[in-house]
Trainee: 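So that we are looking at the same thing, I have put the structure below in structure tokens.
Position 1 is the first residue of the sequence; numbering continues from there.
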Amino acid sequence: MDWLVILLSPIVIVFVYPFIFMIAIYSCAVFLRVYRHKRRQIFDAYSTNFWDGATQVLAAIVDAHGEYWHGYEIHGITKLPDNGPGLLIYYHGAMPIDMYYIMARLLICKKRRLRNVVATFLFHIPGFQILLEVVGAVEGRTREQCIEILKNGDLLAISPGGVREALFSDEYYGMIWNSRKGFAKVAMAAGVPIYPVFTQNVREAIRSVRTGRGFFRKLYEWTKLPLVPLYGGFPVKMRTFIGDPIIYDPSLTCEELTAKVQLEIQNLIKKHQRIPGSILLALRDRWTHRKKRANAKLKKH
């Protein structure tokens, strides 16, 4: 029995982690509800917006998780404007945990909120509405709203691959866009720059089960629900890379702009990602980097 426990423990851990992560998200939603309920007692502490304090606390918690669990880094954040609009286009991991880290880091470092287009089904999960409202999530089918957000000078993030890419891409980091060009139409209508974004080892942190993938693909196309089992939660090294902005060019067609952005993200993947991705090597990257940082601190002293 002891050996059985030892053998099964890793399997239990990796399948339980996604549920733990969901519990953490629900905990954030509960915190926001309590925060709203106690607003009279704490409103005077904030001079501008009632939710500022809550979002800063959430950002600090999420950023701490990214730093301590994944040694999270973001490269190219200075490329994003301190003021004014910008559209971030990113590769979608099995769970977009990197976007939570990016949103938190932007709020902490630049005091800017990153709006994010999310799957429609999230708005129908009980208890999630308050969390989506506070972080500024946008429903995926509202193109006009996306244009309005950008014209108001905000930052917006979109993953053209969406849930399909999240569930049915793999360690080879193939992009599943299915000829989606909506983001390009949004960028052209708003006249804003596009920033390609990719996070190293995002698919090694959490993965979708490959067994029965054909069945789950058909099930998703029928229900539009993410019913593919996930596993993981590995403390792999994660780095987000923000590419150079693709400046608005009215001479480009929608198809040309889409192809250009896709190529830029593919180049980021080729440059920064080990193909095929390896969980063990990504774990090694995490601890090797940690050792290098410790040695660098010792040399300074």
Trainee: Going through the checks in order, is the side chain to side chain contact (heavy atoms under 4.5 Å, CB included) test met by Leu227 and Trp222?
Mentor: CA-CA 11 Å; Leu227 301 176; Trp222 180 50; over 6 Å; no
Trainee: Please examine the side chains of Pro160 and Ile89, heavy atoms only from C-beta on, and report whether any two atoms are closer than 4.5 Å.
Mentor: yes
Trainee: Give a yes or no on whether Lys79 atom NZ has more than 12 heavy-atom contacts from other residues, nucleotides or ligands under 6.0 Å away.
Mentor: yes
Trainee: Supply the atom-to-atom distance Gln262 CD to Lys260 NZ, rounded to the nearest 0.5 angstrom.
Mentor: 14.5 Å
Trainee: Would you indicate whether Lys270, at its atom NZ, is surrounded by more than 12 heavy atoms from other residues, nucleotides or ligands within a distance under 6.0 Å?
Mentor: no
Trainee: Which heavy atom of Leu155 sits nearest to which heavy atom of Pro85, and what is that distance?
Mentor: CD2-C, 4.1 Å
Trainee: Please report the interatomic distance CE(Met99) to CD1(Ile158), rounded to the nearest 0.5 Å.
Mentor: 10.5 Å
Trainee: Donor-acceptor pair, Gln273 side chain versus Asn201 backbone, under 3.5 Å?
Mentor: yes
Trainee: Step by step, work out the salt bridge (Lys or Arg N to Asp or Glu O under 4.0 Å) result for Glu221 and Arg164.
Mentor: CA-CA 9 Å; Glu221 298 298 342; Arg164 284 189 186 89; 2.8 Å; yes
Trainee: Counting C-beta onward and ignoring hydrogens, is there a side-chain heavy-atom pair between Leu230 and Leu167 closer than 4.5 Å?
Mentor: yes
Trainee: Say whether, by atom type as modelled, one donor and one acceptor occur between the side chain of Lys271 and the main chain of Gln266 under 3.5 angstrom.
Mentor: no
Trainee: Run the salt bridge (Lys or Arg N to Asp or Glu O under 4.0 Å) check on Arg105 and Asp63 step by step: do they pass?
Mentor: CA-CA 6 Å; Arg105 194 64 61 90; Asp63 190 63; 2.6 Å; yes
Trainee: Linking I/L/V/M/F/W/Y whenever their side-chain heavy atoms sit closer than 4.5 Å, directly or via other members, would Ile108 and Ile61 fall into one cluster?
Mentor: no
Trainee: When you look at CG of Asn83, are more than 12 heavy atoms from neighbouring residues, nucleotides or ligands closer to it than 6.0 Å?
Mentor: no
Trainee: Please examine the side chains of Val186 and Leu150, heavy atoms only from C-beta on, and report whether any two atoms are closer than 4.5 Å.
Mentor: yes
Trainee: Does the pair Arg180/Glu165 count as a salt bridge with the N-to-O cut at 4.0 Å?
Mentor: no
Trainee: Please report the interatomic distance CD1(Ile247) to CD1(Ile194), rounded to the nearest 0.5 Å.
Mentor: 10.0 Å
Trainee: Could you measure the distance from the CZ atom of Arg239 to the NE2 atom of His75? Nearest 0.5 Å is fine.
Mentor: 5.5 Å
Trainee: When you measure from the side chain of Glu256 to the backbone N and O of Thr253, does any donor-acceptor pair fall under 3.5 Å?
Mentor: yes
Trainee: I want to check a possible cation-pi pair here: Lys181 against Phe183, using under 6.0 Å from ring centre and within 45° of the ring axis as the test.
Mentor: no
Trainee: With a 3.5 Å distance limit and no angle check, can you tell me whether Gln129 reaches the backbone of Phe123 through a side-chain donor-acceptor pair?
Mentor: yes
Trainee: Identify the heavy atoms of Ile265 and Pro196 that sit nearest to each other, and give their distance.
Mentor: CG1-CB, 3.7 Å
Trainee: How far apart are the closest heavy atoms of Ala190 and Lys151, and which atoms are they?
Mentor: CA-CE, 4.2 Å
Trainee: I would like to know whether Arg112 and Asp82 meet salt bridge (Lys or Arg N to Asp or Glu O under 4.0 Å); could you show each step before the answer?
Mentor: CA-CA 8 Å; Arg112 298 207 65 181; Asp82 294 327; over 6 Å; no
Trainee: Within the structure provided, determine whether Met188 and Cys254 are in side-chain contact (heavy-atom separation under 4.5 Å).
Mentor: yes
Trainee: To the nearest 0.5 Å, what is the distance between OG1 on Thr78 and CD1 on Ile242?
Mentor: 8.5 Å
Trainee: To the nearest 0.5 Å, what is the distance between CD (Glu204) and CD (Glu171)?
Mentor: 7.5 Å
Trainee: Can Cys146 and Val138 be said to form a side chain to side chain contact (heavy atoms under 4.5 Å, CB included), step by step?
Mentor: CA-CA 8 Å; Cys146 292; Val138 183; 4.2 Å; yes
Trainee: Going hydrophobic residue to hydrophobic residue with side-chain gaps under 4.5 angstrom, can you get from Tyr220 over to Ile125?
Mentor: yes
Trainee: Mind listing the closest non-hydrogen atom pair of Gly174 and Tyr91 along with its distance?
Mentor: O-CE1, 3.6 Å
Trainee: Determine whether Leu114 and Leu88 make a side-chain contact, defined as any pair of heavy atoms from C-beta on separated by less than 4.5 Å.
Mentor: yes
Trainee: Between Tyr248 and Pro250, which heavy-atom pair has the shortest distance, and what is it?
Mentor: OH-CB, 3.6 Å
Trainee: Mind checking whether Trp177 and Val261 have side chains closer than 4.5 Å, heavy atoms only?
Mentor: yes
Trainee: Looking at Glu73, His65, Glu67, which hits side-chain hydrogen bond (donor to acceptor under 3.5 Å, both in side chains) with Tyr101?
Mentor: His65
Trainee: Please check this pair: side chain of Arg203 against backbone of His92, looking for a donor-acceptor N/O pair closer than 3.5 Å.
Mentor: yes
Trainee: Verify side chain to side chain contact (heavy atoms under 4.5 Å, CB included) between Glu148 and Arg143, making sure each step is shown before the conclusion.
Mentor: CA-CA 9 Å; Glu148 182 181 355; Arg143 185 182 301 173; over 6 Å; no
Trainee: Check whether any side-chain N or O of Gln200 sits under 3.5 Å from a backbone N or O of His272 as a donor-acceptor pair, and report yes or no.
Mentor: yes
Trainee: Between Asp154 and Arg113, is there a side-chain N and carboxylate O pair less than 4.0 Å apart?
Mentor: no
Trainee: State yes or no: do Tyr100 and Leu132 share one hydrophobic cluster built from I, L, V, M, F, W and Y residues joined by side-chain heavy-atom distances below 4.5 Å, directly or via other members?
Mentor: yes
Trainee: Should Tyr90 and Phe198 be marked as a ring-ring contact (aromatic ring centres under 6.0 Å, His included) after you check the CA-CA gap, both sets of side-chain angles, and the distance that decides it?
Mentor: CA-CA 6 Å; Tyr90 65 97; Phe198 172 71; over 10 Å; no
Trainee: Using only atom types and a distance under 3.5 Å, with no angle test, would you say the side chain of Trp69 pairs donor to acceptor with the backbone of Gly233?
Mentor: yes
Trainee: Taking the side chain as every heavy atom from C-beta outward, state whether Asp285 and Val236 have any atom pair closer than 4.5 Å.
Mentor: no
Trainee: Determine, using the 4.5 Å side-chain heavy-atom cutoff (strictly less than), whether Tyr195 and Leu107 are members of one ILVMFWY cluster.
Mentor: no
Trainee: Crowded around Phe121 CZ? As in, over 12 foreign heavy atoms under 6.0 Å?
Mentor: yes
Trainee: Give me the atom names and distance for the closest heavy-atom approach of Thr258 to Ala184.
Mentor: OG1-CB, 3.4 Å
Trainee: Would you confirm whether Arg207, through its side chain, and Ala94, through its main-chain N or O, come within 3.5 Å as a donor-acceptor pair?
Mentor: no
Trainee: Are Leu263 and Ile246 connected into the same hydrophobic cluster when the rule is that any two of I, L, V, M, F, W, Y join if their side-chain heavy atoms are below 4.5 Å apart?
Mentor: no
Trainee: Assess, by modelled atom type and distance only, whether the side chains of Tyr72 and Thr199 contain a donor and an acceptor separated by less than 3.5 Å.
Mentor: no
Trainee: Report yes if some heavy atom in the side chain of Phe168 is under 4.5 Å from a heavy atom in the side chain of Ile176; otherwise report no.
Mentor: yes
Trainee: Passes side chain to side chain contact (heavy atoms under 4.5 Å, CB included), Val117 versus Glu139? Steps please.
Mentor: CA-CA 6 Å; Val117 174; Glu139 195 169 354; over 6 Å; no
